[in-house]
K.L.:
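For reference, the structure I am asking about is given below.
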Protein chains: 2
Amino acid sequence: MSEDSSNLQGIVTNLQPPTASSPLVRKLGSLCLLSEEEISFLEGWQNNTIDVEAGVDFFVEGTERKTTFIMLEGWSIRYTVLSNGRRQILSYALPGDILGLHINFNAKATYSAAALSTSRLAVVDPRRILEIYQKFPILASGLSWATAREFAILGDQTVRLGRLSAKARLAHLLLELWHRLELIGNNEGNWLQLPMTQSDLADTLGLSLVHTNRSMAALRKSGLVSMTKNHIKLENIDALVQMAEFNPDHLAEFSI
Amino acid sequence: MSEDSSNLQGIVTNLQPPTASSPLVRKLGSLCLLSEEEISFLEGWQNNTIDVEAGVDFFVEGTERKTTFIMLEGWSIRYTVLSNGRRQILSYALPGDILGLHINFNAKATYSAAALSTSRLAVVDPRRILEIYQKFPILASGLSWATAREFAILGDQTVRLGRLSAKARLAHLLLELWHRLELIGNNEGNWLQLPMTQSDLADTLGLSLVHTNRSMAALRKSGLVSMTKNHIKLENIDALVQMAEFNPDHLAEFSI
DNA sequence: GCTCTAGTATATCATATGTTATAACCTTTT
DNA sequence: AAAAGGTTATAACATATGATATACTAGAGC
């Protein structure tokens with residue numbers, strides 16, 4: 001796996017080789033060198049995997065949860081459904097992201113999670129998370145950072161919903177996803193390939209489907225994005241960033 | 001402090017005596033017995049305190065942060081300000097709540113924090129947090145739970161902004177704060193004493209000041225709340241819960 | 001080649017919320 | 001006691017977004 005196995009704590013050296021193993025290892029190893037031991041511990045974590053079809057829940061709000069999930073492939077959503085059937089998507093999880101890191105007692109899930117596209121997930125016993133904290137301080141910092149990042153992403157979502165116009169909300173979300181895909185190496189240039197429908201976008205942005213479509217059209221008309229069948233192209237990232245007041249720092253990579 | 005000092009790991013026994021020390025100890029000790037050692041470690045954590053006047057920031061988005069804060073007294077907010085001056089409050093922190101638990105590397109804060117009322121905060125070196133994970137598994141679970149709870153609270157805020165009407169948003173927020181104050185023993189019956197202005201509420205709920213005021217009036221007119229100078233009374237909690245689709249489980253206390 | 005269905009697109013009308021303006025009230029300052 | 005500034009209250013008007021309806025398109029199944 002990693003070519004250089006020395007554990008130079010605290011010294012930022014170089015990126016992990018891009019071939020590096022699981023998305024989680026890539027993520028945590030992106031800006032600090034991990035030892036062979038750390039890497040193999042993380043990999044061992046992820047031996048127990050499941051496959052989930054698009055549209056299928058892998059945990060449900062209100063039910064007890066005792067496992068933690070790590071996205072290996074595909075996209076998933078965290079979401080809530082209200083009694084009138086309205087759905088609010090809280091956030092998206094991409095390869096390397098962790099779901100339910102903290103719901104590791106007899107607590108009930110406060111949201112549901114479902115695959116957006118066909119996905120592979122690692123299923124982890126949360127007791128193994130405590131092990132990390134006890135044995136691998138660097139990895140522990142990494143997990144802690146990952147948690148802070150999830151919090152920042154949800155904070156951005158809050159700002160979007162509370163203080164941005166429909167058009168800006170959409171632009172902001174597209175930028176978030178583009179940056180996140182960029183960080184995990186899943187982008188080709190300024191093209192975005194998204195697995196969700198406009199209806200999903202609407203439920204993310206707190207808009208109606210019709211108005212989401214209108215906002216998409218507005219972005220197109222102002223030349224900020226263009227679309228083909230399955231792809232969206234960000235035509236002018238600087239202009240998008242400015243109109244949506246997007247702050248890429250919130251997605252920054254882990255650095256110890 | 002604690003009368004019963006035996007560490008009965010994993011056995012839910014009884015509440016900490018209500019006299020118990022710091023709000024954080026009360027919070028983490030609320031549903032599981034903490035040993036004398038755990039309690040005194042937590043207390044020692046909080047020796048270094050600062051006082052912050054209402055309206056004063058104690059950290060600012062975009063600046064480097066190396067300390068963690070624990071609310072001892074007073075209220076504070078996490079918030080973001082956009083370039084056009086619009087502000088979005090992400091969440092409120094009450095005594096016992098932790099701010100910046102995870103921003104413990106050379107990362108920049110992704111939001112600002114300010115005191116809403118005169119507050120006392122403990123300032124903690126994040127290295128001491130790793131100690132907890134390494135030495136006190138029960139406390140570590142507690143911190144992990146506290147993190148999950150903050151995440152759930154921010155998730156609720158997302159649902160409020162995305163999928164509730166103005167009136168329901170306000171009701172939902174009042175219920176959240178009432179429940180949280182109830183849990184820390186700061187309520188008298190159905191009365192709420194809030195330190196924030198309607199302008200703060202507006203910036204929390206993603207509304208204009210005028211419409212926040214209108215929504216407050218609407219709640220009053222439908223008999224769901226009543227107000228005196230400094231207090232709000234929840235006249236019919238069941239009806240409020242139903243109309244706002246409020247789920248108190250998200251605020252549940254820690255149980256191992 | 002048809003039919004079904006999910007998704008996208010657009011138009012029309014309805015309404016929740018924003019904006020601007022003004023006044024009343026309270027607290028603090030002088 | 002008056003002035004000043006922040007907060008709450010309400011009205012009148014403007015607009016962003018929601019709701020409903022109807023096509024259009026593309027793929028899936030037969």
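A note on names: the letters A, B, ... follow the listed sequences, proteins ahead of strands, and every chain is numbered from 1.
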K.L.:
In terms of ring plane angle, is the pair A:Phe59 and A:Phe69 parallel, tilted or perpendicular, where the classes change at 30° and 60°?
P.N.:
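If you compare the ring of A:Phe59 with that of A:Phe69, the planes turn out parallel.
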K.L.:
Do the charged groups of A:Glu245 and B:Arg86 touch, with an N to O distance under 4.0 Å?
P.N.:
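The answer is no: the pair does not qualify as a salt bridge.
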K.L.:
Report the nucleotide, chosen from D:dA11, D:dT8, C:dT8, that has the shortest atom-to-atom distance to any side-chain atom of B:Val210.
P.N.:
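Nearest to the side chain of B:Val210 among the choices is D:dA11.
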K.L.:
Over how many whole Å does the gap from B:Asn84 atom CG to C:dG18 atom P extend?
P.N.:
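Answer to the nearest Å: 14 Å.
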K.L.:
Between C:dG18, C:dA9, D:dT17, spot the one nearest the side chain of A:Arg220, thanks.
P.N.:
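Nearest to the side-chain atoms of A:Arg220, counting from C-beta on, is C:dA9.
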K.L.:
Any side-chain N or O of B:Gln198 less than 4.0 Å from the OP1 or OP2 oxygen of D:dG6?
P.N.:
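Indeed not, no polar side-chain atom of B:Gln198 lies that close.
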K.L.:
Can you tell me how far C1' of D:dG18 sits from CG of A:Leu209, to the nearest Å?
P.N.:
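From A:Leu209 CG to D:dG18 C1': 11 Å.
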K.L.:
Nearest whole Å is fine: how far is D:dT8 C1' from B:Ile232 CD1?
P.N.:
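Roughly 12 Å, once rounded to whole Å.
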K.L.:
Rounded to whole Å, how long is the line connecting atom CG of A:Leu161 with atom P of C:dT17?
P.N.:
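Nearest whole value for this atom pair: 14 Å.
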K.L.:
Taking for each residue the nucleotide of DNA chain D bearing the nearest heavy atom, is the 5' side occupied by A:Arg214 or by B:Ser199?
P.N.:
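Upstream on the strand: B:Ser199.
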K.L.:
Round to the nearest Å and state the distance from A:Lys167 atom NZ to D:dG18 atom C1'.
P.N.:
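The distance from NZ of A:Lys167 to C1' of D:dG18 comes to 20 Å, rounded to the nearest Å.
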K.L.:
Name the nucleic acid region contacted by B:Ser208, choosing base, sugar-phosphate or nothing; use a 4.0 angstrom heavy-atom cut-off, strictly under.
P.N.:
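Here B:Ser208 touches the bases of the nucleic acid.
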K.L.:
Between the side chain of B:Arg169 and the main-chain N/O of B:Leu164, is any donor-acceptor distance below 3.5 Å?
P.N.:
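The answer is yes, because a donor-acceptor pair under 3.5 Å joins these two groups.
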K.L.:
Looking only at the side chains, is there a donor atom on one of A:Gln198 and A:Thr212 sitting less than 3.5 Å from an acceptor on the other?
P.N.:
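No, A:Thr212 and A:Gln198 have no side-chain donor paired with an acceptor closer than 3.5 Å.
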K.L.:
Expressed in angstrom and rounded to an integer, what is the separation of A:Met216 atom CE from C:dT8 atom P?
P.N.:
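Between P of C:dT8 and CE of A:Met216: 10 Å.
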K.L.:
Starting from P on D:dT8, measure out to NE2 on B:His211 and report it in whole angstrom.
P.N.:
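One finds 17 Å between P of D:dT8 and NE2 of B:His211, rounded.
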K.L.:
Taking only side-chain N and O atoms of A:Asn213, does any of them lie within less than 4.0 angstrom of OP1 or OP2 on C:dT8?
P.N.:
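The answer is no; no side-chain N or O of A:Asn213 sits under 4.0 Å from OP1 or OP2.
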K.L.:
Quick check: on DNA chain D, is the nucleotide nearest A:Lys229 upstream (toward 5') of the one nearest A:Thr212, or the reverse? Name the residue that is more 5'.
P.N.:
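The 5'-side residue here is A:Thr212.
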K.L.:
Using side chain to side chain donor-acceptor pair (under 3.5 Å) as the criterion, point out the one residue from B:Thr204, B:Asp203, B:Thr80 that pairs with B:Arg87.
P.N.:
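Passing option: B:Asp203.
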K.L.:
Starting the side chain at C-beta, find the nucleotide from C:dG18, D:dT10, C:dT10 nearest to B:Ala217.
P.N.:
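So the side chain of B:Ala217 is nearest to D:dT10.
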K.L.:
How long is the line joining CG of B:Leu207 and C1' of C:dA16, in whole Å?
P.N.:
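That distance rounds to 10 Å.
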